[in-house]
Amino acid sequence: MLAIDTPVQFIKGIGPRIAESLAEKSISTAEDLLYHLPFRYEDRANPLAVDELAAGEMASVIGEVRGSVLLRTRAMPIFEMTLGQGLSKLKCIWFRGTYLKDRFQAGQTVAVFGKVEASRSSRGFKMIQPQFEILPDSKEEFSSLEMGRITPIYESLGGSKLGSRWIRRQLFSVLAELRGSIPETLPALMLERLGMPSRDASLHQVHFPDIETPLNRLQAASTPAHRRLIFEELFFLELGLEIKRRKARERVGIAFVPDERVRAALREVLPFHPTAAQKRALAEIVEDMKHPSPMRRLLQGDVGSGKTIVALQAMLIAIENGYQAVLMAPTEILATQHYLGARKLLERATRDYRVTLLTGSLDVHHKRAARGRIARGEAGLVIGTHALIEEKVDFERLGLVVVDEQHRFGVMQRFRLMKKPGQGEPDVLVMTATPIPRTLALSLYGDLDLSVLDELPPGRTPIVTRRGSDDRADEVWQFIRKQVVAGRQAYIVYPVIEGPSDDQPELDFPAAEETTPGAAKQGRKTPSLFERPTLKAATSMYEALRDGALAGLRLGLLHGRLSADDKEIVMRRFQRGELDVLVSTTVIEVGVDVPNATVMVIEHAERFGLAQLHQLRGRVGRGGAKSYCILMTGGRVSPEAEQRLDAMVRTQDGFELAELDLELRGPGEFFGTRQAGLPDFRVANLVRDRELLELAKREAAAFVANGGAEATPAERAVVAARLKKAWQRRYGLVEAG
Ligand code: ADP
Ligand code: MG
């Protein structure tokens with residue numbers, strides 16, 4: 001008897017061998033198979049006639065194979081198949097289609113799906129590289145699954161053998177056997193209130209929709225059946241997050257006292273009037289710090305919004321209360337910059353704050369000395385890199401941890417353990433410059449409270465952003481000269497350190513491979529049509545510019561292969577204005593702050609991702625003077641890169657750019673891998689399903705708050721079991737200590 005948790009290998013038609021292939025796709029039970037949803041649908045009940053087609057549209061067409069031929073052109077073999085409907089014909093073309101040579105026979109019925117294009121040769125239409133399916137003749141078993149209905153199309157679960165057709169048949173028989181017995185996971189009253197169908201009905205409908213279901217709603221995953229399954233997935237995510245949040249509130253932290261003396265100390269070091277957003281964020285942080293449970297807060301603000309000073313004020317509150325505070329930076333350059341910045345700021349204070357820097361590259365003696373000061377509690381403010389957690393560092397009395405988002409996972413746990421017995425858990429403040437849309441932030445960092453700096457400090461003039469082509473590079477170098485003469489400084493950024501043979505370690509964007517929309521989701525990449533030009537590299541261009549176009553100016557070179565000492569020396573000289581121009585790779589990307597720099601030239605700008613471009617541009621426009629960002633390109637630029645560059649010229653709004661980035665790359669790529677904390681969803685899509693995400697969040701919060709009042713005891717038990725399973729399997733990595 002088939003049940004929802006039956007292992008797939010016991011399903012009729014699936015043996016141990018196929019089960020092994022399915023396991024690679026994380027499908028091990030009947031239920032997993034049921035959650036392998038179609039990625040699109042074809043209306044094979046009312047297929048389009050060739051005469052109804054319009055160039056430029058995606059369409060599915062059913063016709064009869066009239067003939068096929070493999071053309072061996074000089075460039076590549078091309079396979080052509082002609083599909084006929086009465087007198088009308090549609091030409092289907094596959095480049096490098098040798099593999100299709102023996103695939104079609106005249107008279108077969110075939111469904112194709114692809115973009116319709118006008119064909120000059122046949123004076124009709126053609127499709128290039130369409131997806132296709134050879135349809136069974138109507139007497140065949142299961143033929144009704146593939147024709148005369150809305151047909152689900154699936155991502156293959158293993159080659160052409162486990163393709164759409166195979167999946168369809170498996171699902172059809174599994175669903176037939178389980179009909180009416182797929183257990184519900186959500187309380188009946190909740191479903192009724194939300195107007196959502198049962199799980200049983202939903203799973204049937206998403207795979208084999210009723211013939212009258214609107215095709216566009218199916219494609220958009222917005223039928224009631226889709227919505228219910230998406231809601232279900234998001235509900236269990238949010239429920240887990242809500243419970244984590246509650247638990248965190250029950251832990252014992254430190255109740256800091258921000259009395260008048262402490263506030264006076266803060267005022268003393270503040271070098272400018274804080275923005276309204278900075279005031280609001282600090283007030284929220286102070287409320288958390290006063291509270292006896294440990295703070296878990298995310299401070300989100302676009303580049304240049306002034307997060308550092310807010311964090312520094314929070315750290316001073318901890319120090320004034322007799323605790324130590326630590327700031328973790330993602331790179332040595334940034335840690336050093338923060339260290340110097342904090343020292344400079346704190347010079348203004350009457351009290352002597354002891355600031356200690358701890359990075360991996362310090363020599364053994366300095367490290368030991370720093371660790372000693374930290375352990376004895378002499379270091380009030382500790383600034384460092386990963387070395388702080390990689391090497392054992394004892395804090396005497398740790399009160400506040402400020403971390404950059406790159407360190408979020410795992411790091412919080414480690415810091416929690418750095419408290420001594422009897423001490424409260426330190427507060428944690430996470431800073432991020434990723435302008436994640438608010439609802440997404442609330443879910444990705446779901447167990448953190450959120451403060452947003454949505455305002456830039458006053459006096460900033462917008463950055464003039466222009467595109468430039470390589471053949472006009474001389475004008476750009478002249479412009480830099482003029483700016484330097486006017487007392488300003490400039491950055492010139494390259495994607496790689498050395499020449500073409502280099503392994504390009506600084507480029508984190510896979511520019512050589514353009515991903516097509518949807519391809520990211522399906523986990524495959526299409527090879528680029530764009531050749532890889534010889535890249536200009538930081539080292540060689542540094543030499544060329546120094547001896548050529550920028551001769552006479554003071555140039556510096558910065559990249560990831562310099563020793564930490566050398567990096568620091570170069571960075572410091574640039575900061576002090578002893579260098580006019582900094583030729584660099586993306587090591588300067590995050591956080592570097594030199595207000596006198598007004599020009600950012602990015603060469604091979606087409607090679608960088610949007611987030612990177614935005615970060616790089618954020619290095620200028622930090623002082624009062626007018627700033628410029630010039631995006632240089634040479635040779636061919638892919639359409640996707642064009643979109644990125646145009647967006648950069650059009651807007652400086654980090655949120656707008658982030659949304660476009662999300663659209664272009666899909667959430668998986670946008671947020672990085674699963675390790676970056678993005679849960680691995682089966683049906684939900686955080687970009688598409690934002691509204692359902694908010695609903696799920698509200699419902700989850702209410703469910704926890706009222707103890708599941710709407711549910712019967714049996715339903716509550718089901719919810720609890722489901723929650724445990726979902727979190728073990730899917731969200732194991734979403735942890736925030
Ligand atoms: P980010 O949020 O990118 O870390 P920073 O903290 O580095 O931004 O601040 C960017 C620049 O703006 C710094 O030079 C900082 O001194 C300055 N700044 C921050 N807040 C203010 C303010 N309220 N008024 C004027 N300048 C400010
Ligand atoms: Mg910063």
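Order of listing sets the numbers, starting from 1, for every ligand and every atom in it. Note that the structure is predicted; figures quoted are calculated from it, not measured. Heavy-atom basis, side chains included; hydrogens, waters and symmetry copies ignored.
Checking His366 against Asp363 by side-chain atom types alone, a donor-acceptor pair falls below 3.5 Å. Between Gln575 and Gln337, the side chains place a donor N or O and an acceptor N or O closer than 3.5 Å (distance only, hydrogens not considered).
For ligand 1 and Pro274, the ligand atoms under 4.0 Å from any heavy atom of the residue are 23 (N). Shown in contact with His273 at under 4.0 Å from a heavy atom are these atoms of ligand 1, numbered in order with element: 22 (C), 23 (N), 24 (N). Near Thr308, meaning under 4.0 Å from any of its heavy atoms, are these atoms of ligand 1: 4 (O), 5 (P), 6 (O), 7 (O). The atoms of ligand 1 that sit less than 4.0 Å from any heavy atom of Thr275 are 23 (N).
Asp454 is listed as a side-chain neighbour of Arg280, based on a closest heavy-atom distance under 4.5 Å.
With salt bridges taken as basic N to acidic carboxylate O contacts below 4.0 Å, none links Arg467 and Glu606.
Other residues, nucleotides and ligands contribute at most 12 non-hydrogen atoms within 6.0 Å of the CZ atom of Arg343.
Judged by the shortest distance from any of its heavy atoms, Ser305 lies inside the 4.0 Å radius around the atoms of ligand 1.
Looking at ligand 1, you'll find an N or O of Gly306 within less than 3.5 Å of one of its N or O atoms.
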